Amino acid sequence: MTDSSSPPCISRADRVFMNTYTRFPVCMKKGEGCTLYDTDGKKYLDFLSGIAVCSLGHCHPAVTKAVIEQAARLVHVSNLFYTLPQTELAELLVADSFADRVFFANSGAEANEAAIKLARKATAPERFEIITLEGSFHGRTLATIAATGQPKFQQGFGPMPQGFRHAAFGDIAALEKMTGSHTAAIMVEPIQGESGVRPLTQEYLTQVRELCDQQGILLIFDEVQTGMGRTGKLFAHEHYGVTPDIMTLAKALGNGLPIGATLATEEVARAFVPGSHASTFGGNPVAAAAAVVVMQTLTAPGFLDHVLQKGKILAGMLGRIATRHPEIATGVRGMGLLQALVLTEQGIARGSDMIDALLQRGVLANFAGNAVLRFAPPLVVTEEEIGRLADTLESILSCV
Ligand code: PLP
C-alpha cells in the first residue's frame, strides 16, 4: 500500500484497482533499450524486461515504427477477415519451427487454453486428461490454474475443471504411472520459469517424447516464457533436440504488444474446424505487426549467438558472486538470458531486502518461486550493462 510520500499515480491507482498485484512502489513513464525511467526521472537498469517480454528492449525503433504505421492503417477487423500482418507472422512462425499451423490468442494463458482444447479434440474421446508437472505455471484462467502444478494458485477458486493431474518434476517413472488410455497430453515447460528457473534434463524430455509416441499421447511444450530467443535458441526445446506436437508462445512474441500463439503439426491442427475455437482480438493487426519485426530481428544472422554469448557472461558473473557469498547463494542456473541466482535459506530470508536494495540503486530483478533471484534482461543487453548489474549486486551483498 502507499503512503503520503508515494507518487500521485500510485495513490490514485490504489484507490481504484482490484488488489491483485504486489507492485514495486514505482510508476514507470518511459523506456529505451535496457533502461526505464520513472515519473520522477529516476533511471533503472532493467533485468526483468516486463517478465521476459520486452526482449528487443523498450521501444525498439523498428517495433515502434511498425506499430505506428499499422495503427495508422488498420487496427482491428476481427477474425471474420484475413489481414496481412497476421498472415505474415504465421508464415514466419511456421517457417522457423516444427509447426505447420498457428492459432493466435492474446496471452500465454489463452494460448495454453487453446492447446488444451486442441489436445482433447485431436485425441480419442476417452482421452481427456492433461498431465503437467509439479511446480509448473501455465496461466491464471480456470483451466490453466487447474493445469498449473502449484496448489496456491487454485486456492479459493474451486471447483477446478476436471482432467488435470500433476506429476513429480523430472521423474519419468512417476509420469509413466499416471499415463494411460485416458491421457490426451503431457504439457511441460522445458525450463520452469515462475517456480524458479528449473530446467528439465535432456534425458527426461527424450523419455517423455518416447512415452508419448508409445502411448499415442500428445506432447505440448509451454514456451510462453522460454520461447522467442530467451534461451539463445528461437525455442528452448531446440537445445534438447526434442520436438513437441503443440507449442505455446506469448510474452516476448510482440515485444510488449499483447499476443499469444498456439502452434501445432498439420496432423494435430486438423482437429480444429470452423467454430472449434476463436478469439475476437487474437492476432490483432497491430500486435501482429510488432511480432513480425520481433521474428525478423530474432532470426537475423548473429542475433541468437549474441544471446548465447551474453547469457554465458551473465551466468559467469552470477556464478562468481555465488562463490564469493556462499552464505547467500548456492550457485546459478538457467539458459541463455534466463538466469537465476539460487539462494540459500539465509539468502531467501534476505531476498526481498536484496530486491529492494537493487531497486533503490536503480536495478530491476525479481524473485521466482521464492527461492531464486531471476534475471531476464532484454536480449539486446550489453556486457557493460551485465557488469553494472554484477557490481551493484556485489556491493549490496558485501555491505549487508
Ligand atoms: N506459461 C508460462 C510458462 C508462463 O511463464 C506464463 C506467465 O508467466 C504463462 C503461461 C501465462 O502467461 P500470461 O500471463 O500471458 O497469461
Side-chain angles (χ1 to χ4, degrees), residues 18 20-23 48-55 103-119 130-150 152-154 157 164 166 169 185-200 205 219-231 234-237 239-240 244 246-263 279 281-284 287 290-291 294 334-340 365-372 374-376:
M18 289 198 196
T20 56
Y21 298 110
T22 308
R23 302 189 204 239
L48 258 179
S49 42
I51 321 184
V53 168
C54 298
S55 284
F103 174 85
F104 286 119
N106 310 286
S107 66
E110 282 178 75
N112 284 337
E113 286 271 350
I116 292 163
K117 285 177 73 176
L118 179 61
I130 310 288
I131 303 177
T132 65
L133 299 188
E134 288 171 4
S136 61
F137 184 80
H138 298 292
R140 298 292 201 134
T141 61
L142 270 179
T144 56
I145 57 171
T148 289
Q150 301 186 61
K152 66 179 179 190
F153 292 110
Q154 301 170 0
F157 299 114
F164 295 92
H166 309 110
F169 179 85
I186 296 169
M187 176 156 90
V188 299
E189 300 156 81
I191 305 169
Q192 288 189 346
E194 292 309 296
S195 66
V197 187
R198 302 201 299 160
L200 286 163
L205 281 184
L219 178 58
I220 305 173
F221 282 159
D222 176 344
E223 292 239 23
V224 165
Q225 184 157 157
T226 55
M228 307 311 295
R230 175 54 53 191
T231 66
L234 194 52
F235 309 114
H237 70 260
H239 288 286
Y240 293 88
I246 302 175
M247 172 173 70
T248 55
L249 301 171
K251 285 195 183 280
L253 180 56
N255 206 52
L257 275 289
I259 183 165
T262 308
L263 282 69
S279 165
F281 292 122
N284 166 281
V294 171
M335 247 183 226
L337 283 168
L338 181 60
Q339 294 290 342
N366 80 339
F367 254 140
N370 282 342
V372 305
R374 173 175 49 185
F375 302 95

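All values reported here derive from a predicted model rather than from experimental measurement. Residue numbers count from 1 along this sequence. As the structure lists them, so they are numbered: ligands from 1, and atoms in each ligand from 1.
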Partner of Glu189 by side chain to side chain contact (heavy atoms under 4.5 Å, CB included), out of Leu133, Thr226, Asp222, Leu200: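 In the set Leu133, Thr226, Asp222, Leu200, the residue that makes a side chain to side chain contact (heavy atoms under 4.5 Å, CB included) with Glu189 is Asp222.
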Atom 14 (O) of ligand 1 protein-contacted (non-hydrogen atom, under 4.0 angstrom):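 Protein heavy atom within 4.0 Å of atom 14 (O) of ligand 1: absent.
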Examine distances only and state if a side-chain atom of [X] and a backbone atom of [Y] form a donor-acceptor pair shorter than 3.5 Å.
X: Gln192; Y: Glu134; value: yes
X: His237; Y: Glu223; value: no
X: Arg230; Y: Leu337; value: yes
X: His166; Y: Ala146; value: yes

Check: Gln225 N/O within less than 3.5 Å of ligand 1 N/O: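 Yes: some nitrogen or oxygen of Gln225 is under 3.5 Å from one in ligand 1.
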Any N/O pair Glu189/ligand 1 closer than 3.5 Å: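 No, no N or O pair falls under 3.5 Å.
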Side chain, backbone, both or neither: which part of [X] comes within less than 4.0 Å of ligand 1 when only heavy atoms are counted?
X: Arg140; answer: neither
X: Ala250; answer: neither
X: Glu110; answer: neither

ring-ring contact (aromatic ring centres under 6.0 Å, His included) between Phe281 and Phe104, worked out: CA-CA 9 Å; Phe281 292 122; Phe104 286 119; over 10 Å; no
Hey, which atoms in ligand 1 end up nearer than 4.0 Å to a heavy atom of [X]?
X: Lys251; answer: 5 (O), 7 (C), 8 (O)
X: Ser107; answer: 15 (O), 16 (O)
X: His138; answer: 1 (N), 10 (C)
X: Asn112; answer: 1 (N), 10 (C)

Check: Phe235 ring centre within less than 6.0 Å of Phe221 ring centre: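 That pair fails the under 6.0 Å test.
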Shortest heavy-atom approach to atom 1 (N) of ligand 1 - which of Asn106, Thr144, Asp222, Thr248: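 Minimum heavy-atom distance to atom 1 (N) of ligand 1 goes to Asp222.
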Option whose closest heavy atom lies nearest to atom 9 (C) of ligand 1, chosen from Ile191, Ile51, Val224: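 The residue whose heavy atom sits nearest atom 9 (C) of ligand 1 is Val224.
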Side-chain donor-acceptor pair present, Thr132, His138, cut-off under 3.5 Å: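 Absent: no donor and acceptor within the cut-off.
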Ser279-Asn106 side chain donor-acceptor pair, cut-off 3.5 Å: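 Side-chain D/A pair, Ser279 to Asn106: present.
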Just to confirm my output: which protein heavy-atom neighbour is closest to [atom], and how far is it?
atom: atom 12 (O) of ligand 1; answer: Gly108 CA, 3.4 Å
atom: atom 2 (C) of ligand 1; answer: Phe137 O, 3.3 Å
atom: atom 16 (O) of ligand 1; answer: Ala109 N, 2.8 Å

Shortest non-hydrogen contact from Asn255 toward Ser55: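 Between these two residues, the closest heavy atoms are OD1-N, 2.9 Å.
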